[in-house]
Amino acid sequence: PMQEKLEQQERQISQVNNLRNDIAVLSVRITKEEIKLEAAKKDFNSRTKLFHTDKELEDLYRHISMLALSNQLMVSKLEKVGETPVFEVQKGSSSKKKSAKDKVKKVAYYEFKVRVEISGNYSNYTKFRKGMAELKKIININEEQIIVLESETAKGEVKVSATLATYRLPANDAELYINSEEGLQ
């Protein structure tokens, strides 16, 4: 009987050693995955900081106004045009009948448009555009019309009408999924 008990204890001891080895392997894997997670978080933060948040959209108006003022330009119009969701591409929905799941679309991001009218010296306007390009957020000029003002007293003066677009991520689950039949909420 002692022989059997000793064999059982030896098996348990070998299992403890195996478990210690497994714990060591898992610890190494956890450490590697934590490093990957940190790298993924940094990548995510670097990419998402290019997008505006709701609060930062208000800062955009102020930044445009201050940038125009610092470049001796006059802003005569600064208005929100609208916000449009841009949906993620759905893969594999080739059937002709749409299921309830196909009617709900996932929003990748929202495009936020602002119409602006600025007048002043063209050289100063190019400095304004350079300042917009140096922002740490994505801002595109979707439409731009530059009219040169013909006048003896206003050499180099322009009036610019532009539509700017910036982007924001969905703020919550209600903004993340939209029913395509109901339209925008």
Side-chain angles (χ1 to χ4, degrees), residues 39-91 93 98 101-185:
K41 281 181 181 179
K42 285 180 183 176
D43 183 52
F44 175 79
N45 288 335
S46 70
R47 290 174 192 260
T48 58
K49 77 178 183 183
L50 297 173
F51 291 86
H52 281 86
T53 63
D54 287 334
K55 183 195 176 304
E56 291 170 333
L57 288 174
E58 294 303 318
D59 292 343
L60 177 64
Y61 292 132
R62 188 169 13 98
H63 185 76
I64 290 170
S65 298
M66 294 304 290
L67 196 56
L69 183 64
S70 69
N71 287 295
Q72 301 166 349
L73 300 170
M74 187 175 86
V75 177
S76 56
K77 182 190 256 184
L78 184 60
E79 66 181 1
K80 177 181 175 179
V81 176
E83 191 172 69
T84 310
V86 177
F87 298 105
E88 286 186 1
V89 177
Q90 290 183 325
K91 297 175 186 169
S93 65
K98 284 192 169 190
K101 185 180 177 184
D102 291 335
K103 293 175 188 173
V104 176
K105 294 184 177 180
K106 186 173 182 182
V107 176
Y109 57 89
Y110 286 87
E111 180 182 48
F112 182 82
K113 291 185 181 179
V114 176
R115 186 169 294 125
V116 62
E117 287 184 7
I118 298 175
S119 57
N121 182 281
Y122 181 75
S123 176
N124 291 346
Y125 177 68
T126 59
K127 291 176 189 173
F128 170 83
R129 292 220 19 208
K130 182 179 182 211
M132 292 293 289
E134 289 172 348
L135 268 176
K136 301 279 190 252
K137 304 289 183 181
I138 298 171
I139 297 179
N140 292 331
I141 298 176
N142 286 359
E143 299 172 22
E144 181 179 50
Q145 180 181 15
I146 301 174
I147 300 170
V148 178
L149 303 175
E150 300 288 332
S151 166
E152 288 297 319
T153 59
K155 294 274 185 197
E157 296 292 308
V158 294
K159 181 177 180 181
V160 179
S161 298
T163 302
L164 307 176
T166 189
Y167 307 92
R168 74 173 183 83
L169 295 173
N172 53 44
D173 285 344
E175 290 184 350
L176 187 59
Y177 295 97
I178 295 179
N179 188 333
S180 61
E181 287 187 351
E182 292 175 12
L184 300 178
Q185 301 168 354

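Looking at heavy atoms from C-beta onward, Asn142 lies in side-chain contact with Glu111 at the 4.5 angstrom threshold. Taking 4.5 Å as the limit, every side-chain heavy atom of Val160 sits out of range of all side-chain heavy atoms of Phe128. When side chains are defined from C-beta on, Leu164 counts as touching Met132, because their heavy atoms get closer than 4.5 Å. Between Tyr122 and Val148, the closest side-chain pair of non-hydrogen atoms is not below 4.5 Å.
For Pro170 against Ala108, the heavy-atom pair with the smallest separation is CD-O, 3.8 Å. The two residues Leu67 and Gly131 come nearest to each other via the heavy atoms CD2-C, 3.6 Å. Counting all heavy atoms, side chain and backbone alike, Lys80 lies closest to Phe112 at CE-CE1, 3.3 Å. In plain terms, the two heavy atoms of Thr163 and Arg115 that are nearest each other are OG1-NE, 4.1 Å.
Side-chain atoms of Tyr110 come within 3.5 Å of backbone atoms of Glu175 as a donor-acceptor pair (strictly under, hydrogens ignored). Remark: side-chain polar atoms of Thr166 are paired, donor with acceptor, to backbone N or O of Ile138 under 3.5 angstrom. The backbone N or O of Leu73 sits nowhere less than 3.5 Å from a side-chain atom of Asn71 that would complete a donor-acceptor pair.
Glu134 pairs with exactly one of Lys130, Lys136, Lys137 by the salt bridge (Lys or Arg N to Asp or Glu O under 4.0 Å) rule, that one being Lys130.
Atom OH of Tyr167 and atom NZ of Lys113 lie 8.0 Å apart (nearest 0.5 Å). With rounding to the nearest 0.5 angstrom, the CD atom of Glu157 is 11.0 Å from the OG atom of Ser123. Taken to the nearest 0.5 Å, the CG atom of Leu78 stands 10.5 Å off from the CD atom of Glu117. Separation of atoms CG (Asn124) and OG (Ser70) is listed at 9.0 Å; rounding is to 0.5 Å. To the nearest 0.5 Å, the span separating OH on Tyr61 from CD on Glu79 amounts to 9.0 Å. Distance CD/Gln145 to OG/Ser161: 5.5 Å, rounded to 0.5 Å.
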